[in-house]
Structures are given as C-alpha cells and as structure tokens.
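See below for the structure under consideration.
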Amino acid sequence: MSRSRGCPYTAAPGRARAVRRRARAVQRAHASQRSSIGERPVTEEKSKKQFVEDLTDQSDDFSRWYTEVVRKAQLADYSPVRGCMVIRPYGYGLWEHMQRLLDARIKATGHQNAYFPMLIPESLLQLEADHVEGFAPQCAWVTEGGSEKLEERFAIRPTSEAIIGHMYSRWIESYRDLPVLINQWSNAMRWEKVTRLFLRTAEFLWQEGHTAHASARECQEEVLRMLEVYRDFVETDLAIPVHGGPKSEAERFAGAEMTYSIEALMRDGKALQAGTSHNLGQHFAKVFDITFQDEQGKRQHVHQTSWGVSTRLIGAVVMTHGDDQGLRLPPHIAPVQAVVVPIWRKDEDRAAVTQFVGRVKEAVGERARLWVDDRDQYTPGWKYNEHEMRGVPVRLEIGPRDVANRAVMSVRRDNRAKEAIPIADLATRLPVLLEEVQRALFQSALAFREANTGYANSIEEIEAHFASKRGFVAVPWENDPALETLIKERTGATLRCVPIDQAPFEARSQGRRVALFARAY
RNA sequence: CGGGGCGUGGCGCAGCCCGGUAGCGCACCUGCUUUGGGAGCAGGGUGUCGGAGGUUCAAAUCCUCUCGCCCCGACCA
C-alpha cells in the first residue's frame, strides 16, 4: 500500500519513559504552596494509568509544563540566538491556519495586504516622541552594510507605524484617497529582556493593520470593527473566550490616543492580551504630515488606526486548552484534525485493516484534515499517547474488530469519549464531531473563566482576592489612575480592559461599569 | 535588570564536595518475535563534559570570566 509519507507533522523519536521520580518529588515539595487555581479537582484521580508519563503536571509547575509541552509537541524550539525561537512545522501549521482564517476576515472587512520593509531609519522613528520613547529601548539596530558603517542606523521594525506613516504622507492627497485600509503579515523584533516561547520572543510573526480615515468617527468605527473581528476570530476559531474593551492610560500603546485589547484567561489564572486595536488619532498624521484635501478644499490631517495579533496566540491556545496530558487543539486550527491509528495482530489482519483504512480516507476526503499514522515502529498505545500529547482533536482506531463491524472507533481528545462510527456515516459524522470538540473546548474555557472571575468593591476586597486566588476581578470603575497604581503595587494585578460587553457583570455590578483586573503575562 | 537553579551522546540524568582512562536509562541502527493505552530479546554506533582563560604531572571535577536556558521578582506587547 502507499504509506502516507510526507505528513509534515510526523512525530520524531519518542520521549523517555523513565519518570524523573526524584526530580518530581523535589518539584512537588516546592510547588505545594502554589496557588492551585489551574488545577482541576479531578486530576488527583488518575487511577491506574498515567497516560502521558513524562510531562510535568500543570498544578506542579505551570511554567515548566508550558515549556515542556511546547517543545515535546514540537511546536517550537530554541535558536542559537537568545530570545529567538524556531517555529517547527506543527507549530507553524497552527499559525498557517490562524493566518488563513483571520486573513479572510481582514479581507472581508475591506482591507488589502501589502508589505513594508523591515528596516526603519532612526530619523523616522524619532519623529513621534512617545513612540520613540516606547520603542527605542527595545530596538535592534543595523549599523553596518557589508563592511561600510552606515551614515544613519536602521531599526529592525519593532512595529511599522513610522515607515507606514512616512509612505501614507506620500500616497494620500485627497479625501477621495481615503480610507486607506492596509494590512501586512510580517515579522517584528523587540529586544526583550525576558522571553518565553511564543508569549514573548525577540522576533515574532504577526499581522499589523494600518488604516487612515477622513474623520475621527470613521476612525473609531474602524478601531472597534477590528477589535470585534479579533474577538470573533479568537472565540470562534481558537475557542478562547475573551473580554474586549479599552485599556487605561497606563496600559496604552506608545503614541496612541486609545488602546483596546481582547483579554483571555489562561489555565494558571493569569490574563493574556490576545490582540490589540489602537486609535492613533492624528498624532502620527501630524508628525509624518499625512494630510488630505476635504470636499471643501481644506487641508486636514488623517485619523489613523493600527491593530495586530501575533504568534503569541499560539501560546494562548496552549495555555487555554492544554491539560496534564498535553495540548488540546481546537479543530479549526489543528494541523491534523483526525489521526487514524491502524491496528493488527496477524498479517491477514494487516491487509484487511490497510484496505479498510483506504476506504476511510476516501470516505472522509476533504471534509477533515486526516492523517494515517501507519508508522511501523510504534505500537498503537504509543501512538495514542503521542497524539494526545500533541493535541489531535480526534483519533480513529481501526483494527480487525472495526473492519468486521464496518466502523471506526473514534476517541475525542478533549474528554476521551468513545464512539463507534459506521463507515457509511463517517463523511457526515466526523465534521460534526469536530465541531462538537471545538464547541466543547470553548465551553470549558468559558466555564473556567467564569469560575475564576471574582468581584470586588474596594481595594481591600481586591487585595483579599489576590491574596489567595488569581483570575479576573471585576471592579466598578470610573477612570481612577491613582487607584489603578495602588492596585498594581499591592497585588501585582493590572487593569486589563474595561469590557465593552458588560452583560456578564451586570448581575453583580448594579448598573455600574466594571473594569477587569488580573495578573498578566 | 536583581535573587536562585541548571548546562555531561538525540532526550533525561549520574559522576563534581574528595582532580587520575566518561557512565546509566530512553531514543537511534541491525535481526527475530510483536502491535486494541508508551512491546520483548540479542547485537551495534554515538561525546570538542556550553565556551574561553587559569591552577596542576593530570581538570567534567578546583579558580576566574563569559554565553545560554529555567524559576521568582521589577519592567515592557
């Protein structure tokens, strides 16, 4: 038969089975005081079998769990350059699906893709004072070309407002040129002191949208439109519930008039900013001289927005859905949606199973991203663990018994529910099953967030909450920078955003608008 | 950027205190038996001990510097 070689996501050599008993024991001792918010009550009941043996439990050391799972599932690896990472095919596959789904939404809202250069002259960066103050310390600089020292050094883009502002000033003359709605998919670099795979790396991949509008009203509409695009994308395709809304002045993007974000809650109870949308007002228009003639022939500065999400979203997926057995990937972005594990004992079985697997592939066709794991050197049990660790949403076991029944045994990754699916039903049942997994992941993340959202009316109550717990705390809020600073000093929690959708808090807020506070990544 | 920890075959580690021919498990290769929750036996290959200097007859081991990773804090997307 034709072996399904060339699956880009094939696992490499397995991992050591030896459990580091001693090391684990030490870790547990150290971790026992830790907040156990990320721990599900049932985890203790692992009864007889540890399905995946060599992964640190989330409740033992969440950071360690994260790093291990990212590397063992082969999402990414460290590079020789400090703070940079190599995104491996399985991780890049996630990114490609995110790109595909988000790009479609960006285009559907009228934007076009373009590409601006990575090198930004220092003089351009310096034009906007807040902007340069925010980013200069984080810039990597190019000072030489070949063997010649450059007259002016270039920053490797930390973000592209400057270069894009420069170009827009040349492209925009009339109100008829507006709005300009451009997005770019690119890399960016920020010289970070502390880095974590995906969450904060020196170089990262992202998209950055940059738009210019004739009016402030239109500009603000764009800001909120894109925030909503992000919310919908992250909730629908990544199955991560988020709160979206404006940030405080303290958390604002360098050079922006107002910053909006979507905020997600990770399983260790820390918040993660998953996307941002900025109203840049006319700051950049003024310093880059981006003007247009309006219908009355009057010269005006444009109003601008910028918005972005990055490969950090991969980290968000890992930390929102992952459990002690490894990743749990949302089917919409899973590089492999269903893995087929063939099983046989005798040669006759093998032939029959192989033939049946071929029919299964045919039946599924393009309805799901299927991979037949027919690698000979691993046992079925080994493959089960491997694919669970890598988060494949559905496993299809096919052995002699299934061939006899003309069915496959499906097992969901999220809850291990088993179901025999007759081959005749597979084409319709599998896509539905994948949608069920997608929804279940969202629901469980939502339930987790609700269980980890508190409510506080005073600094004392906020302190009391963070003394023993993590998660979000909703606080009735009217812009109060002093209180915000106090909360940060006393609890380490920052104002994540003031949710636009206040419905989840109404029951307890008595009509008062709340802001969300949390310790954050 | 401060405090702590760790760098030894592909991975996980022992050896370091007390200097003396570099080891174990897994993985990998070959063969046979296996395959419904990380298979078994037999044989085999694998190391500039993170890097640079120093001390010494001799350094994985002692000293100095340096690079990287992890954790906790401060700072920032």
Side-chain angles (χ1 to χ4, degrees), chain A residues 11-24 26-27 30-31 34 48-56 61-68 71-72 77-85 133-135 137-138 158-159 188-197 199-202 204 206 208 247 250-254 256 259 261 263 272-276 278 308-313 315 325 341-347 349-350 353 374-389 395 397-403 409 411 416 418 488-489 492 494 519-521:
Chain A
R15 297 151 313 287
R17 196 188 337 166
V19 182
R20 305 174 303 265
R21 293 282 171 216
R22 202 174 56 86
R24 286 280 188 97
V26 172
Q27 280 165 21
H30 282 289
R34 222 170 264 278
K48 40 189 180 192
K49 284 272 195 305
Q50 275 272 15
F51 285 91
V52 171
E53 293 188 62
D54 52 355
L55 200 57
T56 298
D61 185 338
F62 192 84
S63 294
R64 184 170 176 143
W65 170 86
Y66 176 80
T67 303
E68 283 181 5
R71 298 190 67 193
K72 289 182 176 177
D77 204 350
Y78 295 108
S79 83
V81 179
R82 192 191 98 90
C84 292
M85 68 174 163
E133 194 183 323
F135 284 107
Q138 292 182 285
T159 179
M189 175 163 278
R190 297 180 191 173
W191 212 254
E192 297 289 347
K193 292 180 214 162
V194 181
T195 59
R196 312 262 332 254
L197 294 169
L199 300 177
R200 177 171 282 105
T201 45
F204 54 91
W206 72 345
E208 44 178 333
K247 283 191 163 294
E251 304 282 326
R252 192 171 297 166
F253 172 76
T259 288
S261 72
E263 300 283 332
L272 182 80
Q273 180 171 310
T276 54
H278 310 293
V309 300
S310 71
T311 36
R312 176 181 248 199
L313 286 178
Q325 281 69 52
V341 179
I343 301 152
W344 51 73
R345 288 174 185 282
K346 304 177 293 242
D347 280 350
D349 292 342
R350 178 172 186 151
V353 166
D374 57 3
R375 291 174 299 169
D376 232 358
Q377 67 270 38
Y378 300 109
T379 61
W382 193 94
K383 292 173 184 174
Y384 296 170
N385 286 291
E386 175 77 357
H387 296 303
E388 283 180 13
M389 196 268 295
R395 170 174 80 238
E397 305 175 5
I398 301 180
R401 289 206 296 270
D402 306 291
V403 175
M409 184 58 72
V411 184
R416 286 218 180 77
K418 287 196 174 192
K488 187 173 180 182
E489 279 168 4
T494 48
R519 297 208 177 108
Y521 277 97

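Each chain gets a letter, A, B and so on, in the order its sequence line appears, and its residues count up from 1.
Nearest nucleotide to the Trp344(A) side chain, out of U35(B), A77(B), G38(B): U35(B). Nearest nucleotide to the Arg345(A) side chain, out of C75(B), C1(B), U35(B): U35(B). For Arg312(A), counting side-chain heavy atoms from C-beta on, the closest listed nucleotide (G73(B), A77(B), G36(B)) is A77(B). For Lys488(A), counting side-chain heavy atoms from C-beta on, the closest listed nucleotide (G36(B), A77(B), C75(B)) is C75(B). When distances are taken from the side chain of Thr379(A) to each of A77(B), A39(B), C71(B), the shortest belongs to A39(B). Checking U35(B), G38(B), A77(B) against the side-chain heavy atoms of Asn385(A) singles out G38(B) as nearest.
Of all the heavy atoms in Arg312(A) and Leu199(A), the pair that sits closest is NE-O, 3.0 Å. What you find for Trp344(A) and Asp376(A) is that their closest heavy atoms are CZ2-OD1, 3.9 Å. Shortest non-hydrogen contact noted between Arg200(A) and Val194(A) is CD-O, 3.3 Å.
Between the CD atom of Glu263(A) and the P atom of A77(B) there is a distance of 12 Å, given to the nearest Å. Atom CD in Glu397(A) sits roughly 16 Å away from atom P in U35(B) (whole-Å rounding). At whole-Å resolution of the value, CD in Glu388(A) and C1' in G36(B) are 14 Å apart. Atom CE of Met389(A) and atom P of C11(B) are 15 Å apart (whole Å). Following rounding to the nearest Å, Ile398(A) (CD1) and G36(B) (C1') show an atom-to-atom distance of 13 Å. In this structure, Lys72(A) places its NZ atom 12 Å from C1' of C26(B), rounding to the nearest Å. What separates CD of Glu386(A) from P of A27(B) is a distance of 13 Å, to the nearest Å. What separates CG of Leu272(A) from C1' of C76(B) is a distance of 14 Å, to the nearest Å.
Annotation: cation-pi geometry satisfied between Arg395(A) and Tyr384(A) (NZ/CZ under 6.0 angstrom from ring centroid, within 45° of ring axis).
Base pairing of A59(B): no nucleotide in any strand meets the Watson-Crick or G-U wobble criterion (both distances under 3.5 Å). With both pairing distances under 3.5 Å, A39(B) is matched to U33(B) as a Watson-Crick or G-U wobble pair. Judged by Watson-Crick or G-U wobble contacts below 3.5 Å, the nucleotide U21(B) has no partner. Pairing of C69(B), defined by two Watson-Crick or G-U wobble distances under 3.5 Å, is identified with G5(B). U64(B): Watson-Crick or G-U partner is A52(B), with both key distances under 3.5 Å.
Between the Asn385(A) side chain and the Trp382(A) main chain, no donor and acceptor come within less than 3.5 Å of each other. The closest donor-acceptor contact from the side chain of Tyr66(A) to the backbone of Leu197(A) lies under 3.5 Å.
Comparing the same atom, P, in G53(B) and in C6(B) gives a spacing of 25 Å after rounding to whole Å. For the P atoms, the distance from C71(B) to U35(B) is 42 Å, rounded to whole Å. Distance check on atom C1': U8(B) versus A22(B) gives 9 Å, rounded to whole Å. Atom name C1', nucleotides C11(B) and G47(B): the rounded distance is 14 Å, in whole Å. Rounded to whole Å, the separation between the C1' atoms of C17(B) and C75(B) comes to 39 Å. Using atom P as the reference point in both U64(B) and U55(B), the two lie 15 Å apart (nearest Å). Rounded to a whole angstrom, the distance from the P atom of C65(B) to that of G23(B) is 32 Å. Across C67(B) and G25(B), the matching C1' atoms stand 29 Å from one another, rounded to whole Å.
Comparing Gln273(A) and Lys193(A) by the nucleotide of RNA chain B that holds the closest heavy atom to each, the one mapping nearer the 5' end is Lys193(A). If you find the closest nucleotide of RNA chain B to Glu192(A) and to Gly381(A), the one lying nearer the 5' end belongs to Gly381(A).
A donor-acceptor contact under 3.5 Å is formed by the side chain of Arg200(A) with the base of C76(B).
Atom CH2 of Trp191(A) has 12 or fewer neighbouring heavy atoms from other residues, nucleotides or ligands inside a 6.0 Å radius.
Across all strands, Val341(A) comes closer than 4.0 Å to no nucleic acid atom at all (heavy-atom distances). Among the protein residues, Ser63(A) comes within range of the sugar-phosphate backbone only, with heavy atoms under 4.0 Å from sugar or phosphate atoms but none that close to a base. Nucleic acid contact for Lys418(A): none, since no nucleic acid atom lies under 4.0 Å from a heavy atom of the residue. Looking at heavy-atom distances under 4.0 Å, Pro400(A) makes contact with a base. Nucleic acid contact for Thr311(A): none, since no nucleic acid atom lies under 4.0 Å from a heavy atom of the residue.
Under 4.0 angstrom from either OP1 or OP2 of A27(B) there lies no side-chain N or O belonging to Tyr378(A).
Going from atom CZ of Arg252(A) over to atom OG1 of Thr276(A) covers 13.5 Å, rounded to the nearest 0.5 Å. The CD atom of Glu263(A) sits 4.0 Å away from atom NZ of Lys247(A), with the distance rounded to the nearest 0.5 Å.
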Mind listing the N/O atom pairs, protein and nucleotides 67-69 of chain B, below 3.5 Å?
unit_1, atom_1, unit_2, atom_2, d
C69(B), OP1, Gly83(A), N, 3.1
C69(B), O3', Tyr78(A), OH, 3.0

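Between the side chains of Gln273(A) and Ser261(A), no donor N or O sits under 3.5 Å from an acceptor N or O.
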